[in-house]
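These notes are about the structure you will find just below.
Just so you know, these numbers use all the heavy atoms, side chains as well, and skip hydrogens, waters and symmetry mates. Letters go in sequence order (proteins before strands), and every chain restarts at 1. Computed from a predicted model, the values in this text were never measured in an experiment.
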Number of protein chains: 2
Amino acid sequence: MSHVKCKGHCYTCPVRHQSIFSELPEESLEATIQDFHTSVLTFESGETLFRQFDDSSESAYTLRKGLIKVTKSLPDGRTQIVRILVAGDLFGFDGFANESYNNTAIALTDCEVCRLPMAELAVLRKSTPEIDQSMVARLIKNIRQSEDMLLELGAKKASEKLASFIMRLSLSDQNLSFSVDALDSAPASEWSKLHLSRSEIGSLLGLTIETVSRFFSDWKRKGFIKEEKGSIQILDATALKNAACTQGACN
Amino acid sequence: MSHVKCKGHCYTCPVRHQSIFSELPEESLEATIQDFHTSVLTFESGETLFRQFDDSSESAYTLRKGLIKVTKSLPDGRTQIVRILVAGDLFGFDGFANESYNNTAIALTDCEVCRLPMAELAVLRKSTPEIDQSMVARLIKNIRQSEDMLLELGAKKASEKLASFIMRLSLSDQNLSFSVDALDSAPASEWSKLHLSRSEIGSLLGLTIETVSRFFSDWKRKGFIKEEKGSIQILDATALKNAACTQGACN
DNA sequence: CGTGCGGTTGAGGGAGATCAACTAAAGTGG
DNA sequence: CCACTTTAGTTGATCTCCCTCAACCGCACG
């Protein structure tokens with residue numbers, strides 16, 4: 001189960017400069033936030049933070065540490081990962097639009113989150129317009145990422161999806177939250193931690209576990225990528241890119 | 001080409017109550033908006049309003065009349081429709097996050113849009129926090145729709161995609177912007193205007209034109225749907241639903 | 001030591017893409 | 001007005017990518 005670690009302290013927060021409070025000047029921070037009852041919760045890998053259709057009026061969250069997958073499911077159980085959250089990401093904000101959660105949040109690793117009570121946040125928003133301002137910017141980025149994913153899912157072949165997935169990983173160690181821009185420029189020589197299982201990669205890209213496994217194996221045999229103990233490395237970025245294309249796609 | 005119809009007038013705006021200015025009280029509207037140089041533009045069906053990677057610092061838009069498709073494309077030309085805008089929708093807001101347009105907007109029908117100059121809007125946001133407030137709410141709805149689409153594209157089969165597409169159409173004549181909620185309750189007996197060509201439906205759902213055509217024909221033969229002069233009608237909603245499932249999906 | 005879970009690999013089939021021919025409707029230009 | 005082209009849509013035949021089903025491996029864990 002989730003565990004309340006302590007009351008949240010913005011001063012010590014590892015992601016304060018990335019949070020929705022980032023625009024607040026240091027000195028006013030104390031005044032505005034002091035009776036704001038945030039608390040830091042920890043979740044173990046695999047735990048569910050909230051579920052689709054749960055009432056969202058209670059709280060929104062900021063991820064301080066770890067990774068979280070955000071999913072949606074069909075009645076029969078088929079599941080789509082719609083987003084992967086990294087440190088600094090705001091999530092569970094459906095309450096801002098008076099809606100219940102539209103998705104399910106599950107910890108991919110052990111995590112630490114800051115819980116923001118909606119009721120107090122609503123008051124704070126009124127008095128501190130900077131919050132909405134920085135929310136707008138991050139919501140727009142969220143939309144851009146979702147649109148990028150729509151293109152991935154709707155228009156690409158399996159090999160292309162997987163190749164660009166791997167290349168995105170290597171762009172930034174943390175860059176599980178996807179923006180597709182400038183995929184070309186990846187020099188890509190370092191190890192990147194792969195936090196997802198084969199079935200999670202499949203659920204993210206709309207593929208089966210076997211298809212994911214097959215392409216990975218193939219590319220490892222051909223020397224395009226290397227994998228070791230949950231980490232992955234690109235050995236030949238251009239070959240990988242071409243592989244994605246010649247294996248049925250492009251031209 | 002686009003054509004400037006006139007200076008925008010919020011008082012006469014058909015979508016004022018749905019716009020980002022909807023929270024502004026009537027009396028302050030005049031004062032806040034009066035030196036705001038909005039203009040109403042018209043576009044003919046097929047015209048492009050802006051393109052991905054265009055500089056977005058100039059303006060954002062509100063759709064007053066008509067329908068617009070928002071698309072993203074791969075280098076080789078494959079195109080995904082990521083959203084369909086209806087009257088009242090705000091779009092082209094990438095400038096709020098200091099980014100260039102992430103997508104392309106093309107008129108599906110003759111349209112009328114209100115152009116909001118970014119520079120002035122930025123000033124107005126500072127002085128009028130209600131704007132950001134209502135932006136937050138509508139951006140969240142946008143995200144929810146995108147996530148719903150991710151589930152459609154990533155997890156569903158062709159027949160399911162098409163069936164729920166048709167059912168969404170019939171939910172609201174205007175409801176080309178998709179929220180998947182409560183698809184069950186559709187009584188669906190009226191005609192709905194189908195504003196999309198077969199190839200556009202395909203581009204929206206990640207299918208080919210032929211696949212779309214085949215299912216439509218099949219369902220028409222079976223008497224589940226009827227089509228006439230660009231409009232579509234559901235004759236047997238439960239059969240349609242089942243068809244989507246038995247034709248390879250579900251169970 | 002067995003059991004379960006994540007991953008790999010193979011064989012086969014089927015959903016949907018591709019290629020192609022054809023129809024119907026709509027514009028174009030004499 | 002009619003011949004011509006163009007465009008959207010339908011339908012068929014074929015192909016192929018990816019899913020499905022299945023067996024199997026390695027490893028962690030009780």
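Applying the 4.0 Å criterion to OP1 and OP2 of C:dG6, one finds that A:Ser197 has every side-chain N and O outside that range. Distances shown here put a side-chain N or O of A:Ser217 below 4.0 Å from the OP1 or OP2 atom of C:dT9. Remark: B:Arg221 is in phosphate contact with D:dT11, judged by side-chain N or O atoms under 4.0 Å from OP1 or OP2.
Contact annotation for B:Gly206: backbone-only contact, meaning every heavy-atom pair under 4.0 Å involves sugar-phosphate atoms and none involves a base. Residue A:Leu207 is classed as a sugar-phosphate contact, given heavy-atom separations below 4.0 Å to backbone atoms only.
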Which atom pairs link the protein and nucleotides 13-16 of chain D when you take only N or O atoms and keep those under 3.5 Å?
{"residue": "D:dA13", "atom": "N6", "partner": "B:Arg214", "partner atom": "NH2", "Å": "3.4"}

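No donor-acceptor pair under 3.5 Å is formed between the side chain of B:Thr109 and the backbone N or O of B:Ser45.
In this structure, A:Phe215 CZ and A:Ile225 CD1 are separated by 11.5 Å, a value rounded to the nearest 0.5 Å. Here A:Met149 contributes atom CE and A:Leu205 contributes atom CG; the two are 5.5 Å apart, rounded to the nearest 0.5 Å.
Applying the ring-ring contact (aromatic ring centres under 6.0 Å, His included) test between A:Tyr101 and each of A:Phe93, A:Phe50, A:Tyr61 identifies A:Phe50 as the sole match. Only one option out of A:Ile166, A:Ile234, A:Asp236 pairs with A:Trp219 in a side chain to side chain contact (heavy atoms under 4.5 Å, CB included); it is A:Ile166.
When the nucleotides C:dG16, C:dT18, C:dT9 are ranked by their closest atom to the side chain of B:Thr211, C:dG16 comes out on top. Here the side chain of B:Lys220 is nearest to one of D:dT10, C:dG7, C:dT8, namely D:dT10. For B:Glu210, the listed nucleotide lying nearest its side chain is C:dC19; candidates were C:dC19, C:dT8, D:dT20. The side chain of A:Ser213 approaches C:dG7 more closely than any other nucleotide in the set C:dG7, C:dG16, D:dA22.
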(request) Let me have a per-nucleotide readout for nucleotides 24-30 of chain D, 5' to 3', with B, S or -, counting only protein heavy atoms under 4.0 Å. (result) -------
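A salt bridge is defined here as a Lys NZ or Arg NE, NH1 or NH2 lying under 4.0 Å from an Asp or Glu carboxylate O, and B:Arg214 with B:Asp218 fails to meet this definition.
At whole-Å resolution of the value, NE2 in A:His195 and C1' in C:dG6 are 18 Å apart. Atom CG of A:Asp218 and atom P of C:dT8 are 12 Å apart (whole Å).
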